[in-house]
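For clarity, every value in this text was computed on a predicted model and none was experimentally measured. Sequential numbering from 1 along the given sequence is applied to the chain's residues.
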Amino acid sequence: MNNEKTPLTPDSNVQSLDQSDLALAVRSFLSSLDVNGESRLPQRAYLAIRNAIRHLQLPPGKTVLEREMAEILGMSRTPVRESLVRLETEGWVRLIPRRGFIVAPLVADDLQQIYEVVESLDGVAGRLAASRATNEELNQLEHLIKEQEKALELNDLLAWTDLDDQFHNYIVDLARNPRLRGIVDSQSDQLYRARLYTIGHRPKPIHSVIEHKAILAVMRAGEPEAVRTMLQSHRHRARNEILEALQSMPASPEETLN
């Protein structure tokens with residue numbers, strides 16, 4: 001079957017890490033798993049590789065060699081192989097004949113489908129959160145917005161991207177619906193990767209901060225339906241920016257799957 005989807009190049013400002021930097025990043029993440037008591041090797045490998053892909057430490061199109069990953073993770077190739085098979089079923093990596101596993105490229109069609117789902121879910125989360133959040137929790141949202149403003153003043157777009165992710169995830173938490181949380185989690189990491197991947201090719205996100213303030217104001221006013229509409233509109237605008245950025249970026253030979 002002929003697949004017409006076109007993979008797109010990463011942000012030229014995001015450089016892939018060398019082997020030693022990747023090892024440091026992965027081992028730092030594994031330390032957090034130690035604190036949380038996660039000892040199952042396939043799960044540790046899965047979480048570590050997925051986290052590296054999410055943060056572009058393993059960029060789109062990058063070949064993931066089982067032997068190298070096993071060495072970095074400090075385990076045998078068997079749990080690494082199991083984790084890569086799981087990541088393939090979830091769309092994080094692809095198995096390419098004669099090449100092995102590569103990190104899945106970001107594809108505009110895929111992202112549009114994810115955003116269509118997340119726009120609706122964010123609206124539901126906002127509507128529920130507006131009815132259930134305490135004043136103290138809304139103050140935490142305000143704190144995140146202030147931190148976003150500081151990040152923009154310092155032109156720290158990586159910090160802003162992380163804070164933007166925290167803002168949206170906290171609203172989902174405030175909905176207090178574990179099933180909704182699970183569905184959003186299955187998609188949100190791919191959106192984070194796309195935002196990080198394109199951050200240097202999009203307008204400085206000043207407008208996003210303005211919209212975050214407006215969303216918070218309507219939450220404080222206790223207007224759930226207005227919050228739902230505003231969050232969906234906010235996500236829709238962000239989607240258009242990201243898709244436009246992806247489409248304008250030249251194809252990279254590293255990401256060619258043929």
Side-chain angles (χ1 to χ4, degrees), residues 3-14 53-56 59-60 90-92 103-130 141 144-145 148 151-152 157-173 175 180-216 218-219 225-251 255:
N3 189 343
E4 295 298 324
K5 293 181 179 179
T6 304
L8 299 147
T9 187
D11 179 357
S12 60
N13 293 325
V14 178
I53 295 172
R54 180 184 191 269
H55 288 92
L56 302 184
E90 296 178 0
W92 289 97
V103 177
L106 285 161
V107 177
D109 287 349
D110 290 342
L111 283 174
Q112 172 140 348
Q113 291 174 25
I114 293 172
Y115 262 107
E116 287 171 352
V117 172
V118 171
E119 280 177 29
S120 295
L121 295 178
D122 255 21
V124 172
R127 177 173 58 79
L128 294 173
L141 281 177
L144 289 173
I145 293 171
Q148 290 169 17
L152 290 185
L157 297 181
L158 295 181
W160 181 87
T161 301
D162 185 59
L163 288 162
D164 180 59
D165 193 56
Q166 290 182 47
F167 178 85
H168 285 280
N169 273 318
Y170 193 52
I171 290 176
V172 176
D173 287 341
L180 177 63
R181 171 84 272 172
I183 297 170
V184 171
D185 283 347
S186 69
Q187 307 297 331
S188 62
D189 281 352
Q190 289 286 14
L191 296 188
Y192 178 88
R193 184 170 74 126
R195 295 202 301 278
L196 191 60
Y197 187 81
T198 59
I199 190 67
H201 291 267
R202 293 184 278 126
K204 194 171 182 178
I206 296 171
H207 198 60
S208 285
V209 174
I210 294 172
E211 290 177 346
H212 287 175
K213 289 181 177 180
I215 289 165
L216 176 58
V218 177
M219 292 181 75
E225 285 303 320
V227 174
R228 178 186 62 79
T229 300
M230 292 176 70
L231 268 166
Q232 288 179 336
S233 176
H234 174 65
R235 280 294 200 185
H236 187 79
R237 183 192 57 75
R239 178 191 72 177
N240 289 342
E241 277 191 5
I242 287 174
L243 292 179
E244 183 178 345
L246 282 174
Q247 297 288 16
S248 69
M249 294 158 69
E255 292 185 275

Please, which pairs that meet salt bridge (Lys or Arg N to Asp or Glu O under 4.0 Å) have at least one residue in [range], sequence neighbours excluded?
| range | result |
| --- | --- |
| residues 204-216 | Glu149-Lys213, Glu211-Arg237 |
| residues 117-126 | Glu119-Arg239, Asp122-Arg235 |
| residues 190-199 | Asp164-Arg195, Asp165-Arg195 |

**OP:** Kindly determine whether His55 and Tyr192 satisfy side chain to side chain contact (heavy atoms under 4.5 Å, CB included), including the steps that lead there.
**Re:** CA-CA 8 Å; His55 288 92; Tyr192 178 88; 3.7 Å; yes
**OP:** State, yes or no, whether a side-chain contact exists between Gln148 and Leu152 at a heavy-atom distance under 4.5 Å.
**Re:** no
**OP:** Report yes if the side chains of Val103 and Pro59 come closer than 4.5 Å at any heavy-atom pair, otherwise no.
**Re:** no
Original post:
From Ile53 CD1 over to Asp189 CG, what is the distance, rounded to the nearest 0.5 angstrom?
Top reply: 10.5 Å
Subject >> Working for side chain to side chain contact (heavy atoms under 4.5 Å, CB included), residues Leu191 and Leu111 >> reply: CA-CA 7 Å; Leu191 296 188; Leu111 283 174; 4.2 Å; yes
Subject >> Of all pairs that satisfy ring-ring contact (aromatic ring centres under 6.0 Å, His included), the ones with a partner from residues 229-248, not counting sequence neighbours >> reply: His168-His234, His212-His234
Subject >> Set of residues satisfying salt bridge (Lys or Arg N to Asp or Glu O under 4.0 Å) with respect to Arg202, sequence neighbours excluded >> reply: none
**OP:** Name all residues meeting the salt bridge (Lys or Arg N to Asp or Glu O under 4.0 Å) criterion together with Glu225; count only those two or more places apart in sequence or in a different chain, and write none if there are none.
**Re:** Arg127, Arg228
**OP:** Would you name the heavy atoms of Ala108 and Gln247 that are closest together and state the gap between them?
**Re:** CB-NE2, 3.5 Å
Subject >> Donor + acceptor pair across side chains of Gln166, Asp162 (<3.5 Å) >> reply: yes
Subject >> side chain to side chain contact (heavy atoms under 4.5 Å, CB included) evaluation trace for Val118 with Val184 >> reply: CA-CA 7 Å; Val118 171; Val184 171; 5.7 Å; no
Original post:
Backbone N or O of Thr229 within a donor-acceptor pair of the Ser233 side chain at under 3.5 Å?
Top reply: no
